[in-house]
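Reviewing the structure listed below.
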Amino acid sequence: MTSRRVLKAAEAIREVVSMAILTDLHDPRIEGVTVTFVEVSPDMRVAKVHVSVMGDEAAQKLCLMGLQSSAGYLQQKVSKRIDTRYTPVIRFELDMGVKKSIAIAKMLGDVLPEEESSNSDNTHDLGEDPLPEVD
C-alpha cells in the first residue's frame, strides 16, 4: 500500500511535469504529449512518468527520446516544487491505455450502428415516433 505522502508527491510531479511540457519545453520532438499518471517508488528516489503520445510508433519513440533528454530540466522543476531529501529521478514510459481505448471504441462503433439501425426499424414498425413533438 502506498502512503499518502507518496501519492501527494506523485500528483505534484504530474502537475509540474505536465505544465512544464506544455509551457517550457520547445523541443520539436515533443508534440502531442499527455501525462496520464505518475508512479513514485516508496523511497521516493524514482518517478515513472507515464505519457500518452499521439502519432505513429516512430513519432512516439522520437518524443520519448526528447522527453528523456529533457528529464534533467524537469527534475530541476520538480525539486523546486516538492521539498524532499532526494529529488526523484524521472523516467518516461509510454502509456498505451489511451490508444487501446480508442481502438476499442472504434471496434464498438463498428458493431453498434448495426444494432441501432435494427432498433430504429423496430420502433417504426410499432408505429411509435422516436422523437415526440413539443408544442
Side-chain angles (χ1 to χ4, degrees):
M1 182 173 154
T2 57
S3 69
R4 183 173 179 216
R5 180 174 180 237
V6 171
L7 293 174
K8 285 179 76 174
E11 182 62 24
I13 291 169
R14 187 190 64 78
E15 288 176 7
V16 170
V17 170
S18 62
M19 284 306 296
I21 288 172
L22 285 174
T23 59
D24 298 341
L25 298 182
H26 302 292
D27 191 341
R29 298 176 290 182
I30 303 172
E31 291 181 353
V33 178
T34 303
V35 177
T36 54
F37 66 98
V38 176
E39 287 180 278
V40 179
S41 63
D43 61 356
M44 293 186 60
R45 291 194 181 215
V46 177
K48 290 182 189 176
V49 178
H50 295 263
V51 294
S52 174
V53 181
M54 291 298 145
D56 59 348
E57 192 172 327
Q60 291 173 352
K61 287 182 181 180
L62 188 65
C63 185
L64 279 177
M65 287 174 44
L67 286 170
Q68 201 58 47
S69 69
S70 64
Y73 174 76
L74 295 172
Q75 282 176 222
Q76 178 187 13
K77 292 288 238 183
V78 167
S79 71
K80 290 179 183 177
R81 171 73 189 271
I82 61 173
D83 186 29
T84 58
R85 178 176 290 178
Y86 303 105
T87 301
V89 175
I90 296 178
R91 295 192 180 133
F92 290 96
E93 290 189 7
L94 195 58
D95 184 14
M96 297 302 288
V98 175
K99 288 225 177 235
K100 288 179 182 178
S101 67
I102 290 171
I104 290 171
K106 184 179 177 189
M107 285 184 220
L108 289 174
D110 293 341
V111 173
L112 290 180
E114 295 172 7
E115 292 178 11
E116 288 178 4
S117 64
S118 64
N119 286 340
S120 64
D121 291 341
N122 292 339
T123 57
H124 290 299
D125 291 341
L126 297 174
E128 296 176 7
D129 190 14
L131 297 175
E133 292 183 19
V134 178
D135 292 315

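Sequential numbering from 1 along the given sequence is applied to the chain's residues. Because the structure is predicted, anything quoted here is derived from the model rather than measured.
- Using a 4.5 Å heavy-atom cutoff, the side chains of Asp43 and Tyr86 are not in contact.
- The number of heavy atoms from other shown groups lying within 6.0 Å of CE (Met54) is above 12.
- For Ile90 against Ala71, the heavy-atom pair with the smallest separation is O-CB, 4.0 Å.
- Here the NZ atom belonging to Lys61 is positioned 10.5 Å from the CE atom belonging to Met65, to the nearest 0.5 angstrom.
- Closest heavy-atom contact between Phe92 and Gln68: N-OE1, 3.5 Å.
- The two residues Gln75 and Thr87 have their closest heavy-atom pair at O-CG2, 3.5 Å.
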Working for side chain to side chain contact (heavy atoms under 4.5 Å, CB included), residues Arg5 and Thr84: CA-CA 11 Å; Arg5 180 174 180 237; Thr84 58; 4.0 Å; yes

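- Here Ile104 contributes atom CD1 and Lys100 contributes atom NZ; the two are 8.5 Å apart, rounded to the nearest 0.5 Å.
- Heavy-atom minimum distance, Leu74 versus Val17: CD1-CG1, 4.3 Å.
- Once rounded to the nearest 0.5 Å, the distance linking CD1 of Ile30 with CG of Leu22 reads 11.0 Å.
- Under the 4.5 Å side-chain heavy-atom criterion for ILVMFWY residues, a single connected hydrophobic cluster contains both Tyr73 and Val38.
- Atoms CG and NE2, on Asp24 and His26 in that order, are 6.5 Å from each other to the nearest 0.5 Å.
- In the hydrophobic cluster analysis, where Ile, Leu, Val, Met, Phe, Trp and Tyr join through side-chain heavy atoms closer than 4.5 angstrom, Leu62 is grouped apart from Leu64.
- Heavy-atom minimum distance, Asp27 versus Ser69: OD2-OG, 4.2 Å.
- Taking all atoms of both residues into account, the shortest heavy-atom contact from Ala59 to Val53 is O-CG1, 4.4 Å.
- Atom OG in Ser3 sits 8.0 Å away from atom CE in Met44 (nearest 0.5 Å).
- In this structure, Arg14 pairs ionically with Glu11, as a charged nitrogen and a carboxylate oxygen lie closer than 4.0 Å.
- Once rounded to the nearest 0.5 Å, the distance linking OG of Ser70 with CD of Gln76 reads 12.0 Å.
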Candidate pair Leu67 and Ile21, rule side chain to side chain contact (heavy atoms under 4.5 Å, CB included), full reasoning: CA-CA 9 Å; Leu67 286 170; Ile21 288 172; 3.7 Å; yes

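- Considering Thr36, Val35, Val51 as possible partners of Ser18, the one that fulfils the side-chain contact (heavy atoms from CB on, under 4.5 Å) test is Val35.
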